Amino acid sequence: MRRATGFWLHLLAAPALVNTVAMTLFNIGGTMGVMATAAALLVVTMIALVIDRRSFLTAGIVYFALVIGWLMQGGEPGGGPAHKAVVLLLLGILITSLGTWWTSLRTQVMTALPGRGRPTPR
């Protein structure tokens, strides 16, 4: 029962937390806003790995796409259909890679934490 409750709490809380932080940072604008958003997404990814909840990553997919698009344009506005297709392709590769290597990435993160050994089994 507790696992089911924890699942639904994370599923509902993740978009609220991630969207609030990412949108606030992204709205700073320019290079500073995008880099702050990228740093926040990296922190969210690490937290998601530690607590073993992918819902935090799915809540940030749009922001991952915005950061990838901005990096590909070199900070310049615009971009045609080919640009959008490449952004979606890179986003798909990122999400698929995280899903494929989730367990090994989580093991590496958990063993790097002080006082922690191997990740606890589900």
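In this text, all values refer to a predicted model and were calculated from it rather than measured experimentally.
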ILVMFWY network linking L57 to V21, side-chain heavy atoms under 4.5 angstrom:
no
Here's a test for you: under side chain to side chain contact (heavy atoms under 4.5 Å, CB included), which of I95, L89, T96 qualifies with I93?
L89
Do L88 and L90 share a hydrophobic cluster (ILVMFWY, side-chain heavy atoms under 4.5 Å, transitive)?
no
Transitively linked via ILVMFWY side-chain contacts under 4.5 Å: L42 with V34?
yes
Output the distance between atom CZ (F26) and atom CE (M32), rounded to the nearest 0.5 Å.
14.5 Å
With F56, which residues qualify under side-chain contact (heavy atoms from CB on, under 4.5 Å), at least two apart?
H10, A14, L17, V18, V44, A48, I51, R53
Backbone N or O of W101 within a donor-acceptor pair of the S104 side chain at under 3.5 Å?
yes
In this structure, OG1 of T24 is separated from CG of N19 (nearest 0.5 Å) by 10.0 Å
Which atom names give the shortest non-hydrogen contact between R106 and L49, and what distance separates them?
NE-O, 2.8 Å
Value rounded to 0.5 Å, distance of CG in L98 from CH2 in W102:
7.0 Å
Using every non-hydrogen atom in the two residues, find where V109 and V50 come nearest and quote the distance to one decimal.
CG1-CG2, 3.7 Å
Do I28 and V43 belong together in a cluster built from hydrophobic side chains that touch within less than 4.5 Å?
no
M110 and L113, any side-chain heavy atoms less than 4.5 Å apart
yes
Rounded to the nearest 0.5 Å, how far does CG of L94 lie from CZ of F64?
5.5 Å
Are V67 and L25 co-members of a hydrophobic cluster defined by side-chain heavy atoms under 4.5 Å apart?
no
Distance check, rounded to the nearest 0.5 Å: N27 atom CG versus M23 atom CE?
6.5 Å
